[in-house]
Amino acid sequence: MSPVTHQPVVGLSLPRSLLLPGIESEVGDRVDATLPVESSEWIDTLAQPINDRAYRVFGSGQDWTSCAESAPRCHSAIAAVGMADSSTLQQHPLFADLSAEQLTRLTQTSRSRHYPAGQAVLLEHDWSDGYYLITAGVAKVAIASSGGAEVIVGLLGAGELFGELRALGFESRTADVTALTPLQVIHLQSTPLAQALQVEPQLGLRLAQGLARRLLETNRRFAYRSEDATARIVEALDCLAQKAALPQLTSAWQPVPAINVSILGSLAGMARETASRELSALEKRGLLDRMSDPWQLSVQTLIRYGLRAAVNP
């Protein structure tokens, strides 16, 4: 039975074991299938094999959120899906010097996806394929500590890639990537990139440069862990502001997306209570405005903590 088409189209990567037996009616590399959900109802889907362990399934018309939550470490995405804008890809430094033929090979299966804030895009140890280019929004990168706590190791913003390690031979994902704000991405397949890296050394160099920039950002952020709590919370706010790149209406104030204090505290390496206290102290001193949306942070505060260069009058 073919699924009824509703908008948005929804995709999940799930183990084959969750699909019901007796899959029928193969259509190319896709097959009709059904999946159980928490309510014990059935979802009609189309399932596309990923490997010998998993299918990517597409369908709609039921509660996909509950289906995802029933296997939280298996799914990789629930998103509205559409065609990617090829001009966005052509303008990215990774693809800038490629011929039209090379660009087509790398991007012909690309898709645009939109994730709401709080939605996981990738999960650590997941086996999903592909890599992503952010076109709008901010994502957090996190790993689990030995005790199971989330440790935020970085933020990603527009123009940045993630998941590209899959093309470098990493079989599973090395971290969780979650939409911190509403997120727009372009999803690309890893295999064409891996093949291109074998014959295009400049492509590999540009990929390495992007990874090196992320490493430098991580080094700076961890260097601030030795500073006092105020410096760490200001650096976390600045990191968030830089990734969001919101329009700055006045040179005196830096816009910062309003986010959960617990997430901000994790980014700064402190408890939620400490982060809340530091934010309140900045507000009392007139250096932060959390009543506006987005928040507004004094640029002078960024200068004081070495996060902006002072401008001579």
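- Within the model, atoms CG of Asp126 and CG of Asp176 stand 9.5 Å from one another, a figure rounded to the nearest 0.5 Å.
- By the 4.5 Å heavy-atom criterion applied to side chains, Val153 and Thr218 are not counted as neighbours.
- Arg308 and Gln300 share no donor-acceptor pair across their side chains, judged by distance under 3.5 Å alone.
- Of all heavy-atom pairs between Leu155 and Cys239, the closest is CD1-SG, 3.8 Å.
- Within the 4.5 Å cutoff, the side chain of Val151 has no heavy atoms near those of the Ser266 side chain.
- One hydrophobic cluster, built from ILVMFWY side chains closer than 4.5 Å, holds both Tyr131 and Leu197.
- When atom types are taken as modelled, the side chain of Gln248 and the backbone of Thr250 share a donor-acceptor pair closer than 3.5 angstrom.
- Tyr224 does not carry Arg221 over the face of its six-membered ring by the limits of under 6.0 Å from the centre and within 45° of the normal.
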Checking side-chain contact (heavy atoms from CB on, under 4.5 Å) for the pair Ser280/Arg290: CA distance, chi angles, key distance, verdict? CA-CA 9 Å; Ser280 296; Arg290 286 194 289 170; 3.7 Å; yes

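- Using a 4.5 Å cut-off on side-chain heavy atoms (C-beta onward), Leu211 and Leu168 make contact.
- From Leu133, atom CG reaches atom CG of Leu188 across 7.0 Å, with rounding to the nearest 0.5 Å.
- Minimum interatomic distance between Arg272 and Ser262 (heavy atoms only, all atoms of both residues): CD-OG, 3.0 Å.
- Leu279 contributes atom CG, which lies 5.5 Å from atom CH2 of Trp295 (distance to the nearest 0.5 angstrom).
- Formation of a donor-acceptor pair under 3.5 Å by the Arg113 side chain with backbone atoms of Ile186 is not found in this model.
- With rounding to the nearest 0.5 Å, the separation of NZ in Lys284 from CG in Leu282 is 11.5 Å.
- The CG atom of Leu237 sits 5.5 Å away from the CG atom of Leu297 when rounded to the nearest 0.5 Å.
- Between Glu101 and Arg105 there is a salt bridge, with a side-chain nitrogen of the basic residue lying less than 4.0 Å from a carboxylate oxygen of the acidic one.
- A donor-acceptor contact shorter than 3.5 Å is absent between the side chain of Arg173 and the backbone of Glu124.
- A continuous path of hydrophobic side-chain contacts links Tyr115 to Phe162 [ILVMFWY only; heavy atoms under 4.5 Å].
- Qualifying salt bridge (Lys or Arg N to Asp or Glu O under 4.0 Å) partners for Arg214, counting only residues two or more places apart in sequence or in other chains: Glu164.
- Linking ILVMFWY side-chain heavy atoms closer than 4.5 Å, directly or via other members, places Val256 and Val138 in a single hydrophobic cluster.
- Under a hydrophobic-cluster definition in which Ile, Leu, Val, Met, Phe, Trp and Tyr are linked whenever side-chain heavy atoms come within less than 4.5 Å, directly or via other members, Ile263 and Leu183 are assigned to different clusters.
- Ring geometry, Tyr132 versus His187: the interplanar angle falls from 30° to 60°, so the pair is classed tilted.
- Under 4.0 Å is where a charged nitrogen must lie from a carboxylate oxygen, and between Arg220 and Glu235 at least one such pair does.
- Counting only heavy atoms from C-beta outward, the side chains of Thr301 and Thr230 never approach each other to under 4.5 Å.
- The main-chain N or O of Leu287 is never found under 3.5 Å from a side-chain atom of Ser298 such that the two would form a donor-acceptor pair.
- Shortest non-hydrogen contact noted between Thr181 and Gly137 is OG1-CA, 3.4 Å.
- In this structure, Arg232 contributes its side chain and Gly269 its backbone to a donor-acceptor pair below 3.5 Å.
- Taking every heavy atom of both residues into account, Gly163 and Leu122 meet most closely at CA-CD1, 4.1 Å.
- Ala241 and Pro255 get closest at one heavy-atom pair: CB-O, 3.5 Å.
- For the residue pair Ser251 and Val299, the shortest heavy atom distance occurs at O-CG2, 3.2 Å.
- The distance from the CG atom of Leu106 to the OG1 atom of Thr191 is 11.0 Å, given to the nearest 0.5 Å.
- Among residues at least two apart or in separate chains, side chain to side chain donor-acceptor pair (under 3.5 Å) pairs with a member in residues 133-148 are Lys140-Glu150.
- Using a 4.5 Å heavy-atom threshold, the side chains of Leu240 and Pro257 count as touching.
- At a threshold of 4.0 Å, the pair Asp238-Lys243 does not count as salt-bridged, since none of the basic side-chain nitrogens sits closer than that to a carboxylate oxygen.
- Transitive grouping of hydrophobic side chains (ILVMFWY, heavy atoms separated by less than 4.5 Å) keeps Ile134 and Leu267 in distinct clusters.
- Of the possible polar contacts, none joining the Glu278 side chain to the Ala275 backbone as a donor-acceptor pair under 3.5 Å is found.
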Would you check, one step at a time, whether the test side-chain contact (heavy atoms from CB on, under 4.5 Å) holds for Leu161 with Leu207? CA-CA 9 Å; Leu161 296 167; Leu207 191 62; 4.2 Å; yes

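- The backbone N or O of Gly159 lies less than 3.5 Å from a partner atom in the side chain of His92, making a donor-acceptor pair.
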